[in-house]
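For the numbers below, each heavy atom of this structure counts, side chains included, while hydrogens, waters and symmetry mates do not. Naming: A, B, ... by sequence-line order, numbering from 1 per chain. Only a predicted model underlies this, so the values are computations on that prediction, with no experimental measurement involved.
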There are 2 protein chains.
Amino acid sequence: MSKRDLILSTALELFNQKGTAEISTNHIAEACSISPGNLYYHFRNKAAIIQALFEQLYAAWDIELSLPSDHTPQLSDLTSIVATNYHIIWRYRFAYRELVALLRQDSALHASFLSTRQRGFSGFQQLVEQFIAAGIMWPIEANTLDQLMQICWLISEFWLNNLEIQQQSIEPNTINTGVSLMLRVLQPYII
Amino acid sequence: MSKRDLILSTALELFNQKGTAEISTNHIAEACSISPGNLYYHFRNKAAIIQALFEQLYAAWDIELSLPSDHTPQLSDLTSIVATNYHIIWRYRFAYRELVALLRQDSALHASFLSTRQRGFSGFQQLVEQFIAAGIMWPIEANTLDQLMQICWLISEFWLNNLEIQQQSIEPNTINTGVSLMLRVLQPYII
DNA sequence: GTCTATATAATGATAGAC
DNA sequence: GTCTATCATTATATAGAC
């Protein structure tokens, strides 16, 4: 592993444990067993480390959430995508715990997050439209469909935060409850 | 206004602007035009200020969300309660922006938040049960009902965060979109 | 209650040797 | 690339005078 990757994986672990505000560049360097000066050779500053971790998050979405394009979509695709998404968010949970605060502090980060998020939402839209075309779901009026997808998206982005607020452990069991909620939203429209 | 209240309202404004991590006790004292020492006479530390602001938040919920008990519930009660709740959350928006991080750092705060939140959720449960009893909503199987209420609760807690992530301004128009989402969830079960 | 002054520690970040 | 040394700044918090 390159030193850069060591710094990033160490920072990710510490941020997930204690939050970005509590972890200083000195903490990260010490946990990597390198000097603070060395850390600053690899990263301009602390914000650059956070930005690089967000880039890893975007890459994880691109890699792990892509569906084979020659594939007739099934409802089970939705549940597996959502479950995979929860695992990615959990891996970068510091980001979602502090999301609004982090984005407000760094407008470049906000821009990159928004454009990545928009791509994801478009993919989700296409999937649901494929469900309708395949006769898995009833045709739905455009406004209603948009609302349903917004609700599903909200659940997918905040379900883990919701579990943490309730001090519930994050495990397959509790994660699947989040998947069930999304299906509950769509259920009246499923054939 | 007492000095204690001045400190709290000033801290609230600064926390809402910049986040709790960026605002020090010195910043708060300076904005109040008092000395740091004086601030520490009124509050043990910064965490105590945050705790006191959460107490104000709890009080706002108790005062502004209580319904007259001799009143037959209507669906419009739900929308007005939800809209009022959004206004309260917006007033204490720093708390919801950083909620998971703040609760993880302070177990006493976490406990008080959870018990207040539980009371709120119970009140919401009762309201929906009254809707069913009054023939406004169909009888719903217990598990389904619980899921629907969890979804509504998730929307109510995270809608403003969702708006901020999307860089949408918080105004009656966008707030009402959140109310509509909740009604969209319940719509298939409304008579 | 309020202030000044200060202790102590940590922060982000850089310069320059190797 | 990596280190040591160090900078200026800031943070929380307290002591003691008024």
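Contact annotation: B/S24 side-chain N/O to D/dT12 OP1/OP2 distance is under 4.0 Å. For A/K3, no side-chain nitrogen or oxygen approaches OP1 or OP2 of D/dG1 to under 4.0 Å. Under 4.0 angstrom from either OP1 or OP2 of D/dG1 there lies at least one side-chain N or O belonging to A/Y41. The shortest distance between the side-chain N/O atoms of A/H27 and the OP1/OP2 oxygens of C/dA10 is not below 4.0 Å. Contact between the side-chain N/O atoms of B/K46 and the OP1/OP2 oxygens of D/dT12 is found at a separation under 4.0 Å.
Classification of the B/W153-B/F121 ring pair by plane angle, with boundaries at 30° and 60°, yields perpendicular.
Defined by atom type and a distance below 3.5 Å, a donor-acceptor pair is missing between the side-chain atoms of B/E30 and B/N26.
The two residues B/A11 and B/I49 have their closest heavy-atom pair at CB-CG2, 3.7 Å.
To the nearest angstrom, C1' of D/dG1 lies 17 Å from CE of A/M1. In this structure, A/I23 atom CD1 and C/dG12 atom C1' are separated by 15 Å, rounded to whole Å. Separating the CD atom of A/E22 from the P atom of C/dA9 is a distance of 20 Å, rounded to the nearest angstrom. Atom-to-atom, CZ of B/F43 to C1' of C/dG1 comes out at 14 Å; the value is rounded to the nearest Å.
Open room surrounds CH2 on A/W138; 12 or fewer heavy atoms of other groups in view lie less than 6.0 Å from it.
Residue A/W61 forms a side chain to side chain donor-acceptor pair (under 3.5 Å) with just one option from A/N85, A/T84, A/T116, and that option is A/N85.
At a threshold of 4.0 angstrom between heavy atoms, the contacts of B/N26 include nucleobase atoms, whether or not backbone atoms are also involved.
Counting heavy atoms from C-beta on, the side chains of A/L102 and A/F113 never come closer than 4.5 Å.
Within residues 28-40 of chain A, the residues approaching DNA chain C are A/G37, A/Y40, by heavy-atom distance under 4.0 Å.
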